[in-house]
There are 2 protein chains.
Amino acid sequence: MSNSPAKTRRTAIWSAIATALRGDISEGRYAPGDKLPTEAVLAERFGVNRHTVRHALAKLVEEGLVRTRRGAGAFVAALPTDYPIGRRVRFHENLLAAGRRPEKRILQIERRAATIGEAEALAIPKGETLCAHHGLSFSDGRPIAVFESVFPLSRLPGIDIALEETGSVTEALACVGVPDYTRASTRLTAVRANATQALHLQMREGDPLLRSTGVNVDGEMRPVEYGRTWFAGDRVTLTLES
Amino acid sequence: MSNSPAKTRRTAIWSAIATALRGDISEGRYAPGDKLPTEAVLAERFGVNRHTVRHALAKLVEEGLVRTRRGAGAFVAALPTDYPIGRRVRFHENLLAAGRRPEKRILQIERRAATIGEAEALAIPKGETLCAHHGLSFSDGRPIAVFESVFPLSRLPGIDIALEETGSVTEALACVGVPDYTRASTRLTAVRANATQALHLQMREGDPLLRSTGVNVDGEMRPVEYGRTWFAGDRVTLTLES
DNA sequence: CATCAAGATATGTCTAGTTGTATAATATAG
DNA sequence: CTATATTATACAACTAGACATATCTTGATG
């Protein structure tokens, strides 16, 4: 009579407000350092109580997007992390240069046979053993990407051990005789987050991700790493160098 | 317990309560916009459980007679606003003629490239710069619609500034040399409200909206505005002139 | 010009009240 | 006995208002 089984599990009001403000910020309507409208004004705009706006703002503060000062207002803390993609792609260096505090958590390192795509990208025979590792990247303590990258073991013997000991791609490659490497190719596309990715990135299943696929080569143009990275779309802006 | 338990009840308690409240409303005891007593008070007054009162209120909400807002209360719903759609569509004029108090709140004005659909509707090259603005429409202080409309900047230089200064489409167009305009086409369809729309219109996510897509042209039949409006389905009745 | 005081604003915190939702128990009709 | 209507209880989410406290603005004062 009154209700049908098709009940609407609506998103919380404060959550919708947070999303709206997050969108305004990421679209540049409020630039970094800008003062957001006062809580009272926002409450009026959205037609809700001030406490509901405060809940939304608290969420944005928790995410690091907004910083509040009592008596002064709420200010946009920073734009999404700029992540330059060019000939030299170094996670730690890039974020340090942007004034961020980078962090990396390796979830797994394993040896396994190469898939067809991996073998092709690394220019090795299909089914050859390689070293794969995947994990999470953080900026200022907030997860911004999940990655999976593989190395040809035949070309880089001991890379798996070096990776485990150093926890750094750059250092591990240096350990096995690759002092420098450059990005040979990068492909970008947008996909939806699956459950696992959403969990790691603290977002919702289906939220947009920016997927980057790239191959790094050594000084003699031999592929040394084939990596895929899924960036949280609302936290990262990739910038392309000429 | 207080009511005769041995007798067979022809009508359910909640139904009787709904009828009583419906009568109070139709007799003017509660005028449109008035706040009904709280569920606790009504439960006390009718000598029943709060849930039984809620069942009655749910029925009235379903009928469209009552609107509830969590934390605020239950209110007698205002009558739907008649909104004529014809050759001349003027938000303010239409509502003033209907004896309402119109209001408009522009949320954003920006310049950006035209999408394919917008370029087609305005008969301009794809990607050309246009002026877009979106916001909210009110009738007697209640939000009844969200809108987004775009203008071709090449054909109407300065329209964005005029819009910002006047806050009125009709006046802004007059400022840039379009003294009069008429509706060339209108398309209507029903859609579900997303979280943002629901928030602005103070309704629930998934509630039905009436979407109107229209193109306005100047005296020489050149498109000057391409607008989309989402009306709250329970607050507006569109009326078509012959 | 520099400084201080007072007022206006804005966020932080607290208390209370109201609707929304979930779960379980009880009564009544069929 | 079974299904439905009603009661009972608890908690979550949102509103409403008041007050404290930090910050900014303004104007008077020397």
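Throughout, protein chains are lettered first and strands after them, A, B, ... in sequence-line order, and every chain is numbered starting at 1.
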> What is the distance, rounded to the nearest whole Å, between atom CZ of A:Phe75 and atom P of D:dT23?
Replying inline: 11 Å
> With sequence neighbours left out, what residues match B:Glu93 under side-chain hydrogen bond (donor to acceptor under 3.5 Å, both in side chains)?
Replying inline: none
For nucleotides 12-14 of chain D, which of its nitrogen or oxygen atoms have a protein nitrogen or oxygen under 3.5 Å away, and what is each distance?
residue : atom : partner : partner atom : Å
D:dA13  : O4'  : B:Arg70 : NH1          : 2.2
D:dA13  : O3'  : B:Arg70 : NH1          : 3.3
D:dC14  : OP1  : A:Ile13 : N            : 2.8

> Who are the side-chain hydrogen bond (donor to acceptor under 3.5 Å, both in side chains) partners of B:Ser149, not counting sequence neighbours?
Replying inline: B:His133, B:Glu225
>> Just the rounded figure in Å: distance from C1' of D:dA5 to NZ of B:Lys59.
In response: 16 Å
Shorter than 3.5 Å, N or O on both sides, protein versus nucleotides 24-26 of chain C: list them out with atom names.
none

> Residues in salt bridge (Lys or Arg N to Asp or Glu O under 4.0 Å) with B:Glu110, at least two apart?
Replying inline: B:Arg112
> Quick one: on DNA chain D, does A:Arg50 or A:Arg69 contact a more 5' nucleotide (nearest heavy atom)?
Replying inline: A:Arg50
>> The criterion is side-chain hydrogen bond (donor to acceptor under 3.5 Å, both in side chains); which residues satisfy it with B:Ser154, sequence neighbours excluded?
In response: B:Glu128
>> Whether B:Glu103 and B:Arg101 form a salt bridge (side-chain N of Lys/Arg under 4.0 Å from carboxylate O of Asp/Glu) is what I want to check.
In response: yes
>> From CD of A:Glu44 over to P of C:dA10, roughly how many Å is that when rounded to an integer?
In response: 14 Å
>> Between A:Arg54 and C:dT11, is there a contact of a side-chain N or O with OP1 or OP2 at under 4.0 Å?
In response: no
> B:Arg67 has an atom CZ; how far is it from atom P of D:dT15, in whole Å?
Replying inline: 12 Å
> Does atom CZ of A:Arg29 have more than 12 heavy-atom neighbours from other groups under 6.0 Å away?
Replying inline: yes
> Backbone N or O of B:Leu60 within a donor-acceptor pair of the B:Arg22 side chain at under 3.5 Å?
Replying inline: no
> In this structure, are over 12 heavy atoms from other groups packed under 6.0 Å from B:Glu120 atom CD?
Replying inline: no
